[in-house]
Amino acid sequence: MIRYVLESADVSAVRFGISPLGEVGLGLRALRVPDALPLQRPWLDRIAPVRPFLDTEVLLALVDDRRRVADFLTPRPASALTDLAQEVAGLERLTPDRLRRDLTRVHGGVPEVFLGPHDEVVGRLRQALLTAWELCFAPYWPRMRAVLEADVAHRARLAARGGVGAVLGGLSRAVAFDGRHLDVRLSTPVPRLRPVRGEGVTLVPSMFVERASVPLDDRRPPTVVYPARGQGAMWSTADRPDAGAVRDLLGATRASLLVALREPASSTELALRLGVTTSAVNQHLRVLERGGLLTRARYGRSVLYYPSDLGQALVGR
């Protein structure tokens, strides 16, 4: 277990972030140990045709059989709008000592593929990660990001109603908060104590975490990666309502949209799930919103929609 010790100012400074590079790093765990993340089996099936084009020698050496990931792959996101280019550029500042230290924490030593001139090693590392992003993550990132943003929006509403403590205590079954101590249960047997001391705690939702994850190096800023809500529904298609009063009232497309919004989602995510254009989805969403059936909230560059109480009642939820 690691125990983050928070003073009152630290609690009020808790914030959320989304890390594309972190998702790549944690996603490598599914490549290394596929059975450990059953909810992402559909993703593994989809990327199977492109796996021969990956530099798997480098990528799989970044994770061990216990699914520990080198810390430099899971940077603390600077904001909710951090993009991959910003985070990958940070790898250019990766020193030989940091590379060796982070890999040793994972493997007990440095894998052979990372031995050699530092600039060449980092260059190959960056290229391997960028290729993995383009082939395995970028095609599905709008859908993944929509799930992550919806999770953050949900927890922001929880914080508004019940305070930050309600959010911290509900991140995962592996996370507990007693008002001052944020405890994260880990697989390592040695307990660790980490005072926050004004550094703040960043909460990062992920598609590739089942319990919770923290940096292996306690000198890293306090960060808790937790499982995003809605992972199980990410690859599902929206159920189309049967013929009935709601369909007759709203029309097939609008009824399908209302049913699909079991969790907050963006118009891009809804278009992907329903197989229609984003512009068509936006037109229908505006009508549903004007009719009082939907509510929307802006999160970063995205607008997330979710049913109003009236919309929930209309579809029997």
- Task: Please list, chain by chain and in numerical order, all residues satisfying side chain to side chain contact (heavy atoms under 4.5 Å, CB included) with Pro38, sequence neighbours excluded.
- Result: Glu210
Pair up each side-chain donor or acceptor in residues 106-120 with any protein partner under 3.5 Å, not counting sequence neighbours, and list the distances.
{"from": "His107", "atom 1": "NE2", "to": "Ala61", "atom 2": "O", "distance (Å)": "2.6"}
{"from": "His118", "atom 1": "NE2", "to": "Leu94", "atom 2": "O", "distance (Å)": "2.6"}

- Task: Output the distance between atom CD (Glu134) and atom CG (Leu84), rounded to the nearest 0.5 Å.
- Result: 8.0 Å
- Message: Just to verify, which of His181, Arg194, Arg197 counts as forming a side chain to side chain contact (heavy atoms under 4.5 Å, CB included) with Val5?
- Response: His181
- Are Glu23 and Ser206 close enough that a side-chain donor and a side-chain acceptor fall under 3.5 Å? yes
- Message: I want to check something: taking the side chain as every heavy atom from C-beta on, are Val196 and Val201 in contact at a cut-off of under 4.5 Å?
- Response: yes
- 4.5 Å side-chain heavy-atom contact, Val287 and Leu293: no
- N/O donor-acceptor pair under 3.5 Å between Ser172 side chain and Tyr226 backbone: no
- Message: Would you say that Ser267 contacts Val303 through its side chain, given a criterion of any heavy-atom pair below 4.5 Å between the two side chains?
- Response: no
- Query: Counting N and O atoms only, with roles assigned by atom type, does the side chain of Thr223 sit under 3.5 Å from a partner on the main chain of Pro221, one being a donor and the other an acceptor?
  - Reply: yes
- Query: In Å, rounded to the nearest 0.5 Å, how long is the span from CG of Asp102 to CZ of Phe72?
  - Reply: 6.0 Å
- Item | Contact summary for Ala30 and Leu37, nearest pair of heavy atoms | CB-CD1, 3.8 Å
- Query: Same hydrophobic cluster for Leu193 and Val224, using side-chain heavy-atom links shorter than 4.5 Å among ILVMFWY?
  - Reply: no
- Item | Heavy-atom check, side chain of Val184 versus side chain of Leu186, under 4.5 Å | yes
- Query: Do you know which two heavy atoms are closest between Arg155 and Pro227, and how far apart they sit?
  - Reply: NH2-O, 4.0 Å
- Message: Any salt bridge linking Arg32 with Asp64? Criterion: basic side-chain nitrogen under 4.0 Å from a carboxylate oxygen.
- Response: no
- Note on the structure: Correct closest heavy-atom pair for Arg100 and Thr104 would be O-OG1, 2.7 Å
- Note on the structure: From the list Thr131, Leu31, Ile47, Leu59, side chain to side chain contact (heavy atoms under 4.5 Å, CB included) partner of Cys136 resolves to Ile47
- Task: Give the C-alpha distance, both sets of side-chain angles, the deciding distance and a yes or no for side chain to side chain contact (heavy atoms under 4.5 Å, CB included) between Val69 and Leu62.
- Result: CA-CA 6 Å; Val69 181; Leu62 295 167; 5.5 Å; no
- Query: Looking just at side-chain N and O atoms, do Asp10 and Tyr4 make a donor-acceptor pair shorter than 3.5 Å?
  - Reply: no
- Under 30°, 30 to 60°, or over 60°: which ring-plane class applies to Trp43 and Phe137, parallel, tilted or perpendicular? tilted
- Listed by chain and number, what are the salt bridge (charged side-chain N to carboxylate O under 4.0 Å, His left out) partners of Arg76, not counting sequence neighbours? none
- Heavy-atom closest pair (Ala174 atom, Arg211 atom, distance to 0.1 Å) is CB-NH2, 3.7 Å
- Item | Validation row: Leu171, Phe177 side chains within 4.5 angstrom (heavy atoms) | no
- How long is the gap from CG on Asp55 to CG on Leu129, to the nearest 0.5 Å? 9.5 Å
- Hphob cluster co-occupancy, Val33 + Phe208, side-chain heavy atoms under 4.5 angstrom: no
- Item | Pairwise side-chain contact, Arg296 with Leu285, heavy-atom cut-off 4.5 Å (strictly under) | no
- Decide side chain to side chain contact (heavy atoms under 4.5 Å, CB included) for Arg98 and Arg93; before the verdict, give the C-alpha distance in whole Å, the side-chain angles of both, and the deciding distance to 0.1 Å. CA-CA 10 Å; Arg98 171 77 186 279; Arg93 299 187 294 274; over 6 Å; no
- Message: Pairing donors with acceptors under 3.5 angstrom, does anything connect the side chains of Ser19 and Glu87?
- Response: yes
- Side chain proximity check, Val276 to Leu270, heavy atoms < 4.5 angstrom: no
- Message: Applying salt bridge (Lys or Arg N to Asp or Glu O under 4.0 Å) to Asp217 and Arg101, what does each step give before you reach the verdict?
- Response: CA-CA 9 Å; Asp217 186 351; Arg101 187 172 66 242; 3.8 Å; yes
- With distance as the sole test, does Glu149 use its side chain to make a donor-acceptor pair with the main-chain N or O of Ala146 at under 3.5 Å? no
- Is there side-chain contact between Val88 and Leu130, with at least one heavy-atom pair below 4.5 Å? yes
- Pair Glu7-Arg180, salt bridge (Lys or Arg N to Asp or Glu O under 4.0 Å): steps then yes or no: CA-CA 6 Å; Glu7 304 299 336; Arg180 184 161 185 253; 2.9 Å; yes
- Task: Spell out, as yes or no, whether a donor-acceptor pair under 3.5 Å connects the side chain of Asp151 to the backbone of Arg229.
- Result: yes
- Query: When rounded to the nearest 0.5 angstrom, what distance separates CG in Asp183 from CZ in Arg192?
  - Reply: 12.5 Å
- Item | Closest non-hydrogen atom pair between Ala70 and Leu103, with its separation | CB-CD2, 4.3 Å
- Query: Taking all non-hydrogen atoms of both residues, which atom of Arg15 and which atom of Ala78 are closest, and how far apart?
  - Reply: NH1-O, 3.7 Å
- Task: Evaluate the criterion side chain to side chain contact (heavy atoms under 4.5 Å, CB included) for residue pair Val164 and Ser12; output intermediate values, then yes/no.
- Result: CA-CA 7 Å; Val164 175; Ser12 62; over 6 Å; no
- Message: Same cluster or not: Tyr305 versus Leu272, using hydrophobic residues (I, L, V, M, F, W, Y) connected whenever any side-chain heavy atoms lie under 4.5 Å apart?
- Response: no
- Query: Roughly how far apart are Arg68 CZ and Arg29 CZ, rounded to 0.5 Å?
  - Reply: 12.0 Å
- Task: Go through Phe16 and Val204 one step at a time and tell me if the side chain to side chain contact (heavy atoms under 4.5 Å, CB included) criterion holds.
- Result: CA-CA 6 Å; Phe16 287 90; Val204 183; over 6 Å; no
- Query: Where the side chain of Thr268 meets the backbone of Pro142, is there a donor-acceptor pair that is under 3.5 Å apart?
  - Reply: no
- Interatomic spacing from CE in Met207 to CG in Leu148 - rounded to 0.5 Å: 6.5 Å
- Look only at the side chain of Arg46 and the backbone of Pro42, and say whether a donor-acceptor pair between them is shorter than 3.5 Å. yes
